[in-house]
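To start, the structure under review is shown below, and the notes come after it.
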Amino acid sequence: MQAWQNVEVPSIATPSPVPRVFDSVSQGLTTLPTGREVTIYVCGITPYDATHIGHAATYVAFDTLIRVWRNSGAEVRYAQNVTDVDDPLIERAQATGRDWRDIALEQTDLFRGDMQALRVIPPDYFIGAVESIPLVIKRIHDIQETGACYELGGDLYFDNAYSRTSGTVGHLTRHQMVEIFGERGGDPDRIGKRSPLDALLWRGERPNDPSWPSDFGPGRPGWHIECAAIALEYLGEKIDIQGGGSDLKFPHHEMSAAHAEAATGNYPFASTFVHTGMVSLQGQKMSKSLGNLVFVSSLIQKGVDPMAIRLAILAHHYRSDWEWFEQDLVNAQARLKLWRDAFACPLAAASVSDAVVAALSNDIDTPQALQLVDNWARETLVGQGGDTRSSRYMSVLVDSLLGIV
Ligand code: 5CA
Ligand code: ZN
């Protein structure tokens, strides 16, 4: 698939210290590799109601991480999928009488526009589930050879007993796993499965359901094998970061990694698992199924500056769960004005570039970085500065690392 237009990222003379991020497996900070080619896969949208502030927060967080990572000397290869065929999309199509393909095309397009407006750097590989069906089939063959795959009523399942990753990302008890698996696309209660936690690799054809031919009969891919197959194809058998929102730790990231590991024999599939917090609205996780959504495109249509939306997101630490309030946007608009006024000052306060890059390398601490820029901007505006270069340099640094212009 075509991603969106590239975003200019100016290079700066202040290299970032090697970034540290929080790894969901070890549950502690880990130092990322740098100075070489590195790989990151971030789970993309299911395009039936794109793009709410929660999605935007997740992609802005990974975008900021990638900017900081690049500035530390890493050459980042980035892949992102689009789950353009899956149960929720098909259910939406049936409920509205529309073709699932039209919904997917329309919503993916909306997502591209939103990402562009938020100045999110496009992934190098933006890959749809439908276009990766041959890759999925190939990987299911690989898994079949290991014995980790079995057939049930025309469907193919992954035998979770073969997973070395089970429990390591989500840190849930087995009881919790069975319950949450059922809530997030799994079918723990299906009779005949070897374990309730076995996930679908291939869903045999059903009436009124899209399907594609394969050696194991017509059908369509399971959700987790989609991301495994795309990541393996475009990034390689071992990746540096698997990313997404915290709702994907279990089952999605555990199972996707288990499928990739079974298909290749390489363990672990990802060195680091990075997860963003959940954005809520009116006390509940912002989600398509609940319908409590604030859309990026609606805000932009109302005339809100996309840079204010990005700043409102960056005011929260990527790992914390937070609630969206109108006030977030009001504060971000005031902050944007403060910064732009300071960037226009010929005489600025002394640059705080070292402190900003240090904050961002320390687990992408954007709230701290924003406060440092605030203080610099206030000092600049009260005329405390005498530095003729710093306002220009600070504006380039903020553009490069925070994506704000
Ligand atoms: N297509 C799958 C991933 S393969 C999927 O989860 N799609 S999604 O459209 O539901 O979500 C897209 C991304 O946004 C995922 O990384 C998800 O974790 C994240 N996300 C979803 N809801 C929220 C939310 N309320 N707050 C923060 N991130 C969210
Ligand atoms: Zn995914």
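Both backbone and side-chain heavy atoms feed into the values below; hydrogens, waters and symmetry mates do not. Starting from 1, each residue takes its place in the sequence as its number. Just follow the structure's listing: the first ligand is 1, and inside any ligand the first atom is 1.
Residue contacts to the Zn ion (ligand 2): Cys227 brings an N, O or S atom closer than 2.8 Å. For His253, every N, O or S atom stays at 2.8 Å or more from the Zn ion (ligand 2).
The N, O or S atom of His252 with the smallest distance to the Zn ion (ligand 2) is NE2.
Residue His259 forms a side-chain contact (heavy atoms from CB on, under 4.5 Å) with just one option from Ile143, Val136, Ile140, Thr264, and that option is Ile143. The only option from Ile53, Val294, Leu299 that meets the side-chain contact (heavy atoms from CB on, under 4.5 Å) definition with Leu329 turns out to be Leu299. Just one residue in the list Arg206, Arg184, Arg220 forms a salt bridge (Lys or Arg N to Asp or Glu O under 4.0 Å) with Asp87, and that residue is Arg220.
Contacts between His52 and ligand 1, counted as non-hydrogen atom pairs separated by less than 4.0 Å, involve the side chain only. Under 4.0 Å from ligand 1, heavy atoms of Met278 appear from its side chain as well as its backbone. Neither the backbone nor the side chain of Val82 has any atom closer than 4.0 Å to an atom of ligand 1 (non-hydrogen atoms only).
The distance from the CZ atom of Arg70 to the OG1 atom of Thr34 is 12.0 Å, given to the nearest 0.5 Å. Distance check, rounded to the nearest 0.5 Å: CD1 of Ile241 to OG1 of Thr30 gives 9.0 Å.
Every heavy atom of Glu226 sits 4.0 Å or more from the atoms of ligand 1. Heavy-atom separations between Gly44 and ligand 1 include at least one value shorter than 4.0 Å. The closest approach between Pro88 and ligand 1 stays at or above 4.0 Å for every heavy atom of the residue.
Using a cut-off of 4.0 Å between Lys/Arg side-chain N and Asp/Glu carboxylate O, Glu261 and Arg164 are scored as not salt-bridged. A salt bridge is absent between Asp142 and Lys138; no separation between the charged side-chain nitrogens and carboxylate oxygens falls under 4.0 Å.
Distances between N or O atoms of Cys227 and those of ligand 1 include no value under 3.5 Å. Looking at ligand 1, you'll find an N or O of Thr58 within less than 3.5 Å of one of its N or O atoms. The shortest N or O to N or O distance between Trp223 and ligand 1 is not below 3.5 Å. When only interatomic distances are considered, the shortest N/O to N/O separation between Thr276 and ligand 1 does not fall below 3.5 Å. Ligand 1 has an N or O atom lying under 3.5 Å from an N or O atom of Gly54, backbone or side chain. Below 3.5 Å of separation, one finds no N or O of Ser246 facing any N or O of ligand 1. At least one N or O atom of Met286, backbone or side chain, sits closer than 3.5 Å to an N or O atom of ligand 1.
Asp198 and Tyr150 are linked by a side-chain donor-acceptor pair at a separation below 3.5 angstrom, with hydrogens and angles left out of the test. No hydrogens or angles considered: nothing links the side chains of Ser211 and Asp209 as a donor-acceptor pair under 3.5 Å.
Annotation: cation-pi geometry satisfied between Arg319 and Phe22 (NZ/CZ under 6.0 angstrom from ring centroid, within 45° of ring axis).
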> For Arg92 and Asp49, what are the C-alpha separation, side-chain angles and deciding distance, and is it a salt bridge (Lys or Arg N to Asp or Glu O under 4.0 Å)?
Replying inline: CA-CA 9 Å; Arg92 169 62 59 91; Asp49 252 346; 3.3 Å; yes

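The residue among Asp86, Val42, Leu248 with a heavy atom at the shortest distance from atom 6 (O) of ligand 1 is Leu248.
Summary of contacts: the protein heavy atom closest to atom 21 (C) of ligand 1 is His55 CD2, 3.8 Å. Scanning the protein heavy atoms around atom 13 (C) of ligand 1, the nearest turns out to be Tyr59 OH, 3.1 Å. Annotation: atom 17 (C) of ligand 1 to nearest protein heavy atom, Asp247 OD1, 3.6 Å.
A 4.5 Å side-chain heavy-atom check between Leu235 and Arg77 finds at least one atom pair inside the cut-off.
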